[in-house]
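Counting starts at 1 for both ligands and their atoms, in listed order. Reckoned from all heavy atoms, side chains included, excluding hydrogens, waters and symmetry mates. Sequential numbering from 1 along the given sequence is applied to the chain's residues.
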Amino acid sequence: MVHEKSKQKVIVSGARPSGRLHLGNYVGALQNWRRLQESYRCYYFIADWHALTTGYAESHEIEANSREMLIDWLSAGLDPGRAVLFRQSRVKEHAELFLLLGMITPLSWLERCPTFKEQLRELEGREIHNYGFLGYPLLQAADILAYRADAVPVGEDQLPHLEITRDTARRFNYLYGKVLPEPEALLSKFPLLPGIDGRKMSKSYDNYIALSDPPEVIREKVRRMITDPQRARRKDPGRPEVCTLFRFQQIFNPEAVPGIEAGCRTAEIGCVQCKDILARKLIEVMAPLHEKRRSLEERPAYLEEVLVEGERSAGEKARATLEAVRGAMGL
Ligand code: TRP
Ligand code: SF4
């Protein structure tokens, strides 16, 4: 079990339950989360309430998606013995803090949030002119402040939400006394992993390789991957710097990169061979994750136990914060 060392810094991060994760999630967030659990007190949660802000009509999918994501988390090395893993919706203090913070948050902070405006445009077909959707960043603030987090590992897209979190903490402390520390953003400096078509890897573009894709699917997707478009014939020299596949070699197969780079520029190796090298490597890197997944799929009771224990531990911490919050407000 996790032993709390009082001086250990607190890290909080969450992810919406998006089902099975892909390699972009793995190199972008998961590997970072796994490293952080070695030296920080980490609270990692499944943001199932956040999923409702845009996906309220598909609420029945959340449970299965949460389970798949948890399996990927554990397969990729998140360790319930080191990090607190839990479902947001099972720690009701998130909701209480959200409500209280809602009383002191100017509407304009939420209305001008760039992610709000952007999503309204992007999800045009979907009715999301809802109170819950507007409040998304404030719910996120509550998630973070409930644990008095020192830092939050996030991608660049989440910086506006961190800003609102800090502004809200500052306003609370100004009105009621210093209770909520202002968390820092821990920007992960990872290069974005492209998808097999060269755009950002994303479920919605259908250009991803899932952590759970079996070897034959990995092979097939790697075969379809974009390479140097000007390298039409086997004897043409290639340009690794414009090749999507080469980005994958750099991230997953760094030892082989010098040889591949030279071989590509001199046309000593061809793209078919290069793809074979990458596919083998990805299959090798994913093999232990697949094995872990298989064993976890057979242990639903264990998965539930991990979450329930996480929820107990998270609840304890969040309750202490809420007591201080209520106290400061005189409630
Ligand atoms: N908004 C985050 C995302 O879309 C998910 C999230 C919800 C989160 N609450 C959080 C991330 C608290 C960090 C901290 O990825
Ligand atoms: Fe890309 Fe490899 Fe082909 Fe070079 S040989 S263009 S690096 S796939």
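- Of all protein heavy atoms, the one closest to atom 12 (C) of ligand 1 is Gln140 CG, 3.5 Å.
- Using a 4.0 Å cut-off between charged side-chain N and carboxylate O, Arg223 and Glu220 make no salt bridge.
- Taking atom 3 (Fe) of ligand 2 as the reference point, the nearest protein heavy-atom neighbour is Cys271 SG, 2.3 Å.
- Summary of contacts: the protein heavy atom closest to atom 1 (N) of ligand 1 is Tyr136 OH, 2.7 Å.
- Of the candidates Val154, Leu162, Leu36, Leu36 is the only one forming a side-chain contact (heavy atoms from CB on, under 4.5 Å) with Leu186.
- Within ligand 2, counting atoms from 1 as listed, the ones closer than 4.0 Å to a heavy atom of Arg231 are 3 (Fe), 4 (Fe), 5 (S).
- At distances below 3.5 Å, at least one donor-acceptor pair connects side-chain atoms of His290 with backbone N or O atoms of Leu211.
- Numbered from 1 in the order shown, with element, the atoms of ligand 2 that lie under 4.0 Å from a heavy atom of Thr227 read 8 (S).
- By heavy-atom distance, the residue among Gln88, Gln158, His50 lying nearest atom 3 (C) of ligand 1 is Gln158.
- The aromatic rings of Trp49 and His94 stand perpendicular to each other, their planes meeting at an angle above 60°, with 30° marking the opposite boundary.
- Atom 3 (Fe) of ligand 2 has no N, O or S atom of Cys243 inside 2.8 Å of it.
- For ligand 2, the atoms sitting less than 4.0 Å from at least one non-hydrogen atom of Asp228 are 6 (S), numbered in the order shown with element in parentheses.
- For the pair Gln37 (side chain) and Gly77 (backbone), a donor-acceptor distance under 3.5 Å is present.
- Looking at Ile144 against ligand 1, only its side chain comes within 4.0 Å, counting heavy atoms.
- The shortest contact between atom 6 (C) of ligand 1 and any protein heavy atom is with Gly14 O, 3.8 Å.
- Aromatic ring orientation, Phe86 versus Tyr43: perpendicular (interplanar angle above 60°, classes split at 30° and 60°).
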task = Show your working on side-chain hydrogen bond (donor to acceptor under 3.5 Å, both in side chains) between Asp236 and Gln230 and close with a plain yes or no.
result = CA-CA 8 Å; Asp236 297 337; Gln230 282 178 24; over 6 Å; no

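- With rounding to the nearest 0.5 angstrom, the CG atom of Asn65 is 10.0 Å from the CD atom of Glu58.
- Protein heavy atom nearest atom 4 (O) of ligand 1, with residue, atom name and distance: Arg16 NH2, 2.9 Å.
- In terms of protein heavy-atom proximity, atom 2 (Fe) of ligand 2 is closest to Cys274 SG, 2.4 Å.
- Listed by number with element, the atoms of ligand 1 under 4.0 Å from a non-hydrogen atom of Ser13 are 13 (C), 14 (C).
- Distances below 4.0 Å separate heavy atoms of Val152 from the following atoms of ligand 1: 13 (C), 14 (C).
- The salt bridge (charged side-chain N to carboxylate O under 4.0 Å, His left out) with Glu304 is formed by just one residue from the set Arg67, Arg299, Arg87; it is Arg87.
- The distance criterion of under 3.5 Å between nitrogen or oxygen atoms is met by Asp143 with respect to ligand 1.
- Relative orientation of the Tyr136 and Phe133 rings is perpendicular, given thresholds of 30° and 60° on the angle between their planes.
- Residues Phe252 and Ile196 are members of one and the same hydrophobic cluster, defined by side-chain heavy-atom contacts under 4.5 angstrom among Ile, Leu, Val, Met, Phe, Trp and Tyr.
- Geometrically, ligand 1 and His161 share no nitrogen or oxygen pair separated by less than 3.5 Å.
- Counting atoms of ligand 2 from 1 in the listed order, those under 4.0 Å from a heavy atom of Cys264 are 4 (Fe), 5 (S), 6 (S), 7 (S).
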